[in-house]
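Since this is a predicted model, take the numbers as computed values, not measurements. Note on naming: letters A, B, ... go to the chains in the order of the sequence lines (proteins, then strands), and numbering restarts at 1 for each one. All values below were derived from every heavy atom in this structure, side-chain atoms included, with hydrogens, water molecules and symmetry-related copies excluded.
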Amino acid sequence: MYLTLCDKIGAILREHTGKADAMLTDGGDHADVASTIAFSLAKEYKKAPAVIAKDIVNAIREQVMQDTGATTLAVGPYVNFIFGNKYCSDVLSLAVRDGYGAGQTKSERVVLEHTSANPNGPLHVGHIRNTIIGDTLTRCFRKAGYPLEVQYYVNDMGRQIAIVAWGIATQGADINAEGKGDHLIADVYIEANKNLDKDSTLNEEIDKLMQRVESGDPETISQFKIPVKRCLDGFKDTLAAMQVKHDRFVYESDFIRNGDTEKLLSRISHLPEAKIEETLSLDLTNYGFEKNYILRRSDGTSVYAARDLAFHIWKGHNFDRVIDILGADHKLIGTQLQATLNILGEKAPEIVFFEFVSLPEGSMSTRRGKFISADELIAETERRALEEVTVRRPELDETERKKIASAVAISAIRYDIVRTIPEKSTVFDWKEALDFEKQSGPYIQYAHARACSILDKAGTFTPCYEAEGEGEIVLAKQIALFPKVINDVVNELKPHLLAIYARELADIFNSFYHAEPVLRAEEKTRNRRLTLVDATRNTLKEALETLGIDALRAM
RNA sequence: GGGCCUGUGGCUUAGCCAGGAUAUAGCGUCGGGCUUCUAACCCGAAUGUCGGGGGUUCGAAUCCCUCCAGGUCCGCCA
């Protein structure tokens, strides 16, 4: 609705001025949409922008009203457009329907890879930034109508895994011990690294393991596979707790076994950029990379990058759009991958990079055991949430309180992570993670629960799809923006836009709630406001679900 | 040393790519508001050299140059 009207206004402006760009911009407090086109015409027309704006308004006002129902006003040099009653009515009748905000079904198939942490220890608060960004994008794409498959790329044959396998074999660790597998593997991995640091000659044993696994030695393969599986089972539990699910786990080693990596290396070796020495590498200096991109080691084994290329070629052949979520430490290798796929004439992935999450005392490290695991974070947040729920709703039984606390905790965690732009590195802060107030997931859930509560008390009513008075109109217009926001997230791969949108919707609803009585209003107003509350409730629900947060009906 | 990212009130943060109307919001501080639809809330106040310096432009937080600070990468690791 919003975009449609903007398109129509843009077309009218372009036709009237003959300019290719209508210079439409956000109207802020002044308008629903505005144009700054008068500035750019000032020189050409040799007139003051404010005069030009006035002329434009006089010329197009009637047509804009006819085509869109919007009022056109000149405010200084700005041409402002304010949408009318019909816009609010149309929006409200759409917004009360289940699935509001969903785009038309698209045919473009999308594959999105996220998390893909090495199976050498539990997911920590750094990894889950990847997870939350990826899962929120996933939900936005699906909301926008795209068929999408989410993949986890399992590194099941790298050096880290070899170190785990070696640790199990040499340290007497019980791989079948009770408990969560990912934490068990971390203990082995940390100890193995200590042992390797003490005696660097032991690294030869790791090299041997890697050679054996790549050559297909069955015993070594199973030596790797067992800890990988235990670790992944732990990951799946953690991910499920955060409402995250992958459609497919793709194993790196499959691209060795099926010959794709060998085929890729052969193709690479025929490229003009190829450097065949003891190793096989690519000289990408013409593409702005200083160092050679090594793909095969001198002992004949493939490097991670080679398997990753094979994996991406496979993705490119099976999907129309390939998206990866990667930490900023992968920037170099990620852009080298893109460049190489371009040289090969294959589809290169779009990559969303996010900066690091560190601890107040420094950066996290699985190897050194310095991290806060996602499991710890979830447990602690749930504990705090349960305290909060118990204070607020002492009359509820424990099962009910725990259910709410769990949803509140995941909401707080997911929202806290997704609200910050990925380019900004962050320092993990318990105080902020455990904050259930303003600018938090629970705050938005609370606004939703409030709306539900009003509607529960209201009983049946006759819908009235209108907005009257500033408070109602501002709320209706915010509701109208939801489909646009989903669109923006998908086009720009920026999930934080949805987080901010949902919070602003909750803000506006809370102000409305305090300013305008609903249940106590006289009949026509009551019906109108109840309809608005219902539209808000539904939009909050859809937005929360797209953020991977439970839209609780009561808190 | 080179590449990339970041720097916005005491703290956290949006806006920057596609330059325009008094720079967004939260925490904290101060002052109000629960016999009234859930106070995980609302209303109001104070707090800003948008890291520094140049430049482009009618107009710069936004574009260009430069410097400073922090993070990160530059491995036959992933």
Would you indicate whether [X], at its atom [atom1], is surrounded by more than 12 heavy atoms from other residues, nucleotides or ligands within a distance under 6.0 Å?
| X | atom1 | result |
| --- | --- | --- |
| A:Lys194 | NZ | no |
| A:Glu522 | CD | yes |
| A:Lys225 | NZ | no |

I want to check one thing: is the phosphate of [N], taken as OP1 and OP2, less than 4.0 Å away from some side-chain N or O of [X]?
| X | N | answer |
| --- | --- | --- |
| A:Tyr513 | B:A39 | yes |
| A:Lys424 | B:G7 | yes |
| A:Ser511 | B:C43 | yes |

What interatomic distance, in whole Å, is found between [atom1] of [M] and the corresponding atom of [N]?
| N | M | atom1 | value |
| --- | --- | --- | --- |
| B:G15 | B:A23 | C1' | 8 Å |
| B:U22 | B:G48 | C1' | 13 Å |
| B:A39 | B:G32 | C1' | 14 Å |
| B:U72 | B:A61 | C1' | 24 Å |
| B:G9 | B:C50 | C1' | 10 Å |
| B:G28 | B:U13 | C1' | 14 Å |
| B:C43 | B:A60 | P | 33 Å |
| B:G54 | B:U12 | P | 27 Å |

Checklist entry - What's the shortest heavy-atom distance between A:Asn155 and A:Gly158, and which atoms? => result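 Shortest heavy-atom contact: OD1-N, 2.9 Å.
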Item to check | Reported OG1-to-CZ distance for the pair A:Thr426 and A:Phe356, which is rounded to 0.5 angstrom | outcome: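 The OG1 atom of A:Thr426 sits 11.0 Å away from the CZ atom of A:Phe356.
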Base-pairing mate for [N] - Watson-Crick or G-U, with both contacts under 3.5 Å:
| N | value |
| --- | --- |
| B:A21 | none |
| B:C16 | none |
| B:U56 | none |
| B:A45 | B:U29 |
| B:G7 | B:C68 |

Item to check | Residues A:Asp435, A:Lys431: salt bridge by 4.0 Å N-O rule | outcome: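 No, no charged N to carboxylate O under 4.0 Å.
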At 4.0 Å (heavy atoms only), tell me whether [X] reaches a base, stays on the sugar-phosphate, or touches nothing.
| X | value |
| --- | --- |
| A:Asp429 | nothing |
| A:Glu516 | base |
| A:Gly288 | nothing |
| A:Val408 | base |
| A:Val389 | base |

[X] [atom1] - [N] [atom2] separation (whole Å):
| X | N | atom1 | atom2 | result |
| --- | --- | --- | --- | --- |
| A:Arg553 | B:U38 | CZ | P | 13 Å |
| A:Leu73 | B:A21 | CG | C1' | 14 Å |
| A:Trp430 | B:U12 | CH2 | C1' | 18 Å |

Checklist entry - Checking only heavy atoms, does the side chain of A:Asp21 share a donor-acceptor pair with the base of B:A18 at less than 3.5 Å? => result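 Check fails, no donor-acceptor contact within cut-off.
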Checklist entry - Do the rings of A:His127 and A:His124 sit parallel, tilted or perpendicular, given the 30° and 60° boundaries? => result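 Ring orientation, 0 to 90° scale: parallel.
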Checklist entry - Between A:Gly28 and A:Ala554, which is nearer to the 5' end of RNA chain B once each is assigned its nearest nucleotide? => result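 Looking at the nearest nucleotide for each, A:Gly28 comes out on the 5' side.
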Next on the checklist: Closest-nucleotide mapping onto RNA chain B: is A:Ser35 or A:Ile454 further toward the 5' terminus? I mean the 5' end.
Outcome noted: A:Ser35
Using a cutoff of under 3.5 Å, can you pull out all pairs of nitrogen or oxygen atoms linking the protein to nucleotides 57-65 of chain B, with atom names and distances?
unit_1	atom_1	unit_2	atom_2	d
B:C58	OP1	A:Lys43	NZ	3.0

Checklist entry - Does A:His30 stack onto the base of B:A21, taking stacking as ring centres under 5.5 Å apart and planes under 30° apart? => result yes
Are there any protein N/O atoms within less than 3.5 Å of an N/O atom in nucleotides 71-78 of chain B, and if so, which ones and at what distance?
unit_1	atom_1	unit_2	atom_2	d
B:C74	O2'	A:Lys291	NZ	2.9
B:G75	OP2	A:Lys291	NZ	2.6
B:C76	O3'	A:Arg297	NE	3.1
B:C76	O2	A:Ser298	N	2.9
B:C76	O2	A:Ser298	OG	3.0
B:C76	N3	A:Ser298	OG	2.7
B:C77	OP2	A:Arg297	NE	2.3
B:C77	OP2	A:Arg297	NH2	2.7
B:A78	OP1	A:Arg297	NH2	3.0
B:A78	OP2	A:Tyr304	N	3.1
B:A78	O4'	A:Gln160	OE1	3.4
B:A78	O3'	A:Asn155	ND2	2.1
B:A78	O2'	A:Asn118	OD1	3.1
B:A78	O2'	A:Asn118	ND2	2.9

Next on the checklist: So if I apply the ring pair (Phe, Tyr, Trp, His ring centres under 6.0 Å) rule between A:Phe311 and each of A:Tyr152, A:Tyr251, A:Phe255, which one comes out positive?
Outcome noted: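 Only one option passes, and that is A:Phe255.
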Next on the checklist: Just to verify, which of A:His114, A:Lys315, A:Gln338 counts as forming a side chain to side chain donor-acceptor pair (under 3.5 Å) with A:Asp324?
Outcome noted: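 Looking at A:His114, A:Lys315, A:Gln338, the match for A:Asp324 under the side chain to side chain donor-acceptor pair (under 3.5 Å) is A:Lys315.
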Tabulate protein N/O versus nucleotide N/O from nucleotides 29-36 of chain B, keeping only pairs under 3.5 Å, one per line.
unit_1	atom_1	unit_2	atom_2	d
B:U36	O2'	A:Arg520	NE	3.4

Item to check | Residues touching RNA chain B, which here means a heavy atom under 4.0 Å, drawn from residues 436-451 of chain A | outcome: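 Close to the strand are A:Phe436, A:Glu437, A:Lys438, A:Gln439, A:Pro442, A:Tyr443, A:Tyr446, A:Ala449, A:Arg450.
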Checklist outcome for this item: Against the side chain of A:Glu423, the closest entry in B:A25, B:C5, B:U38 is B:C5
Next on the checklist: Can you tell me which nucleotide in B:C5, B:U38, B:U22 comes closest to the side chain of A:Asp29?
Outcome noted: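 The nucleotide sitting nearest to the side chain is B:U22.
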Could you list the donor-acceptor pairs under 3.5 angstrom formed between side-chain atoms of residues 298-307 of chain A and any protein atom two or more places apart in sequence or on another chain?
unit_1	atom_1	unit_2	atom_2	d
A:Asp299	OD1	A:Thr301	N	3.0
A:Asp299	OD1	A:Thr301	OG1	2.7
A:Asp299	OD2	A:Gln211	NE2	2.8
A:Thr301	OG1	A:Arg297	NH1	2.9
A:Ser302	OG	A:Glu214	OE1	3.3
A:Ser302	OG	A:Glu214	OE2	3.0
A:Ser302	OG	A:Arg307	NH1	3.3
A:Arg307	NE	A:Glu252	OE2	2.7
A:Arg307	NH1	A:Ser302	O	2.6
A:Arg307	NH2	A:Glu252	OE2	2.8

Checklist entry - Yes or no on salt bridge (Lys or Arg N to Asp or Glu O under 4.0 Å) for A:Asp534 and A:Arg537, after CA distance, side-chain angles and deciding distance? => result CA-CA 5 Å; A:Asp534 193 32; A:Arg537 184 221 98 240; 2.3 Å; yes
Checklist entry - Among pairs that include at least one residue of residues 440-458 of chain A, which meet side-chain hydrogen bond (donor to acceptor under 3.5 Å, both in side chains), considering only residues two or more places apart or in two chains? => result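 side-chain hydrogen bond (donor to acceptor under 3.5 Å, both in side chains) check on residues 440-458 of chain A returns A:Ser411-A:Gln445, A:Lys438-A:Tyr443, A:Tyr443-A:Asp507, A:Tyr443-A:Asn510, A:Arg450-A:Asn510, A:Asp456-A:Arg553.
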